Amino acid sequence: MIGCSNSQSGTASANKKPTIGVCFETLQTEFWVAGLDAIIQECNERGVEVVQAVADGDANRQLQQVKSFIVRGVDGIILVPKDTKTCGPMIKAANNAGIPIALFNRPAADKDSKCVAVVADNLKLAEHTTAYLLEKAKARNTPIKAMILLGDLSDENAINRRDGFNAAVTASGLKVDVVSQVPTEWNQEKAQAGVVNGLQANPDINLIFTSSDFLLPSIVSALKASNHYFKYDQPEHVILGGFDGDATAFQLLQEGYLDATGVQDVYFEAKACVDSVLKMKDKQEVASTIADPGFVIHRENMDEKKKEMWGAKSK
Amino acid sequence: MRLKSTMLRASEALPFVLACGLAFYGAMTISGFTSVNNCRNLLDVYSPLLIVCLGQMLVMLTGGIDLSATSTMALCSVVGAKLMSEDIGWVEPSAASVYIAVAAMLGVGFCIGAINGTAIAYLKMPPFMVTLTTMIFVGGLATYVTQSKQVGGLPDTFVNATTNTSLIVIVASVFSTCCYLILKNHVYGKWLFAVGQNVRTATVSGVPTKEVIASSYVLSGIASAFASMIYTGQLATGSPSLGENLLLDIIGAVVIGGTSLFGGRGDVRLLCGGVLFFVLLGSILDLMGWSPFAVMVAKGAMILTAATVDSLRARWSQA
């Protein structure tokens with residue numbers, strides 16, 4: 001449980017609107033843009049002013065942006081760190097200034113620091129998504145040859161998604177041959193090259209799981225180029241699963257090319273972050289980790305679940 | 001003619017004029033901009049960027065470019081961190097491990113600079129291709145060594161030293177003063193300019209052009225290693241992606257700081273102004289609280305304006 005005092009925010013007087021500094025590592029994918037929009041909307045609804053900064057993937061720059069927020073005298077900080085370790089000095093700087101800080105979607109490695117992390121259960125969500133894909137693969141009664149697109153392995157979320165995939169493979173009891181693991185480092189070009197190479201070396205790959213939906217255009221392009229791009233009702237269909245729940249995933253799900261994706265609830269995470277920061281500002285106790293339960297969306301539950309999918313709304 | 005020479009003289013101070021304008025705007029409009037904490041933050045950003053820019057300037061004076069500066073920083077960061085980390089260090093944690101790590105970081109910077117310099121000066125390979133290739137190779141090596149993982153657990157001695165604002169300002173000042181004196185008074189400085197202006201003429205005049213070109217890359221590598229130490233200490237983490245997106249800032253600050261991309265022209269004082277302009281621009285845009293998209297557009301527009309004015313200045317000086 002965490003409680004922060006706000007000793008240095010002298011510029012924010014009691015009758016003044018509170019200000020939250022929101023610092024994103026990047027806005028290069030739909031997920032982060034949707035997250036920023038959701039945080040701003042939540043702040044607007046609560047009468048909180050927002051100052052924003054984006055670090056363009058540079059952790060040193062992000063540290064300076066957090067320090068700038070502190071200089072500016074914000075009442076709280078919401079941070080999307082580049083990774084779990086480099087955010088340590090940022091959290092310390094906020095702690096030293098007595099400013100509450102919440103991490104959106106990515107946890108910190110240093111468990112001793114005072115912050116609230118709002119994160120999806122990446123491992124479970126990836127496991128459930130993969131379990132669904134394997135169920136579909138099992139029904140085909142053919143050997144399963146799988147490919148997984150890994151994220152940046154300095155990102156704990158990427159590691160948990162990989163581990164969730166592996167856990168589902170182990171738990172299924174099926175003979176799954178994971179013939180290709182593509183290290184994308186969250187880069188579309190690397191993803192596309194990796195999938196093309198993987199499909200060239202193993203043209204019989206029939207199941208692909210990507211650690212993030214923003215890599216789906218790269219996969220689609222590679223599948224088309226290698227004549228592997230077919231809908232779910234065709235025998236040549238490559239079973240495809242993802243994670244995040246963005247607009248591309250929703251469109252591919254509707255069109256029948258994507259089988260399932262694990263959806264992170266952006267609105268829940270944004271609300272929880274703003275809520276936690278305001279509570280800590282008022283010296284209330286908040287849990288150090290708030291889990292976004294998320295859900296798996298697939299063809300069978302699409303009509304029911306699409307109203308909760310942020311990608312379906314942003315489309 | 002007199003008007004032109006007056007404008008030329010005035011325009012030489014352009015980076016400082018722009019930086020002063022930004023500082024004045026920040027002081028007038030942003031609460032806390034002139035506070036001690038913010039000044040310290042600005043110096044924390046300014047010092048390592050200035051060091052790596054000085055190395056880049058020496059290379060650019062010879063008509064070359066060092067695209068591998070940021071990858072060199074990344075490899076130095078992970079090698080140093082791997083050596084001294086108290087979690088997974090390659091050597092037993094001790095006071096000596098920090099010195100070993102620092103020496104290794106400088107060694108890595110020296111070696112990468114030497115590889116670049118040898119390929120460019122002695123094998124006559126184009127600087128752009130050589131340093132681009134080194135950038136890819138060294139960046140890949142940093143990722144491979146760490147398997148993309150960040151290296152934490154750096155000793156307090158190292159972190160405290162590299163986050164001590166006074167100390168890093170002193171290091172940056174020593175660097176810039178040495179560069180200034182060498183370029184202004186030492187024969188090596190004259191050789192750097194001579195090689196950049198016309199390499200054939202320099203050779204005929206007895207300048208050891210190969211040694212001058214190669215050594216400029218070595219100095220750039222060492223400067224990158226020093227900058228890497230500060231950046232690594234600030235994050236208390238060795239990172240294979242350290243400085244990943246910093247290359248354009250480095251080259252942009254050097255060019256706005258009056259160094260010609262074609263070689264033979266540059267001044268340490270103007271470079272200090274160019275770096276200051278970049279740092280203030282970033283800080284003010286962050287503090288203004290604009291939408292990130294607006295910040296990117298504003299930053300691009302400001303840099304384009306500064307580069308255009310600098311280009312006009314270069315044209316006046318040639319006319």
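This structure is a prediction, so every number in the text was calculated from the model and none was measured. Below, read A as the first sequence line, B as the second, and so on, with proteins coming before strands; counting in each chain starts at 1.
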* Structure fact -> Of all heavy-atom pairs linking Lys85(A) and Thr237(B), the shortest is O-OG1, 3.7 Å

* Which atoms of Glu185(A) approach chain B - backbone, side chain, both or neither, heavy atom under 4.5 Å -> side chain

* Intermediate values then yes/no, side chain to side chain contact (heavy atoms under 4.5 Å, CB included), Ser241(B) and Lys82(A) -> CA-CA 10 Å; Ser241(B) 59; Lys82(A) 181 167 165 58; 3.2 Å; yes

* To do: Compare all side-chain heavy atoms of Asn245(B) with those of Arg61(A) and state whether any distance is below 4.5 angstrom.
  => no

* What pair of heavy atoms forms the shortest contact from Leu246(B) to Asp58(A), and how long is it? -> CD1-OD2, 3.9 Å

* **Rounded distance [0.5 Å steps], CG in Asp44(B) versus CG in Leu63(A)** => 8.0 Å

* Asked: Of the backbone (N, CA, C, O) and the side chain (C-beta and beyond), which part of Thr143(B) lies under 4.5 Å from a heavy atom of chain A, both, or neither?
  -> side chain

* Contact part of Leu36(A) toward chain B, heavy-atom cut-off under 4.5 Å: side chain, backbone, both or neither? -> side chain

* Approximate separation, where rounding is to 0.5 Å, of Asn37(B) CG and Lys67(A) NZ -> 9.5 Å

* Asked: With a 4.5 Å limit on heavy-atom distance, are the side chains of Asn60(A) and Leu242(B) in contact?
  -> yes

* Asked: CD/Gln64(A) to CG/Asn38(B) distance, rounded to the nearest 0.5 angstrom?
  -> 9.5 Å

* Tabulate, in ascending numerical order, the residues of residues 152-163 of chain B having at least one heavy atom closer than 4.5 Å to a heavy atom of chain A, or enter 'none'. => Gly152(B)

* Residue by residue, scan residues 220-234 of chain B and write down, ordered by number, those that have a heavy-atom distance under 4.5 Å to chain A; if none do, write 'none'. => Tyr231(B), Gln234(B)

* Asked: Of the listed residues (Ser68(A), Gly88(A), Pro183(A), Ala109(A)), which shares the most heavy-atom pairs with chain B below a 4.5 Å separation?
  -> Ser68(A)

* Would you say Lys82(B) has more than 12 foreign heavy atoms packed within less than 6.0 Å of its NZ? -> yes

* Of all heavy-atom pairs between Val71(A) and Ser35(B), which one has the smallest distance, and what is that distance? -> CG1-OG, 3.8 Å

* Verdict with reasoning, Gln150(B) to Thr84(A), per side chain to side chain contact (heavy atoms under 4.5 Å, CB included) -> CA-CA 8 Å; Gln150(B) 315 291 324; Thr84(A) 55; 5.8 Å; no

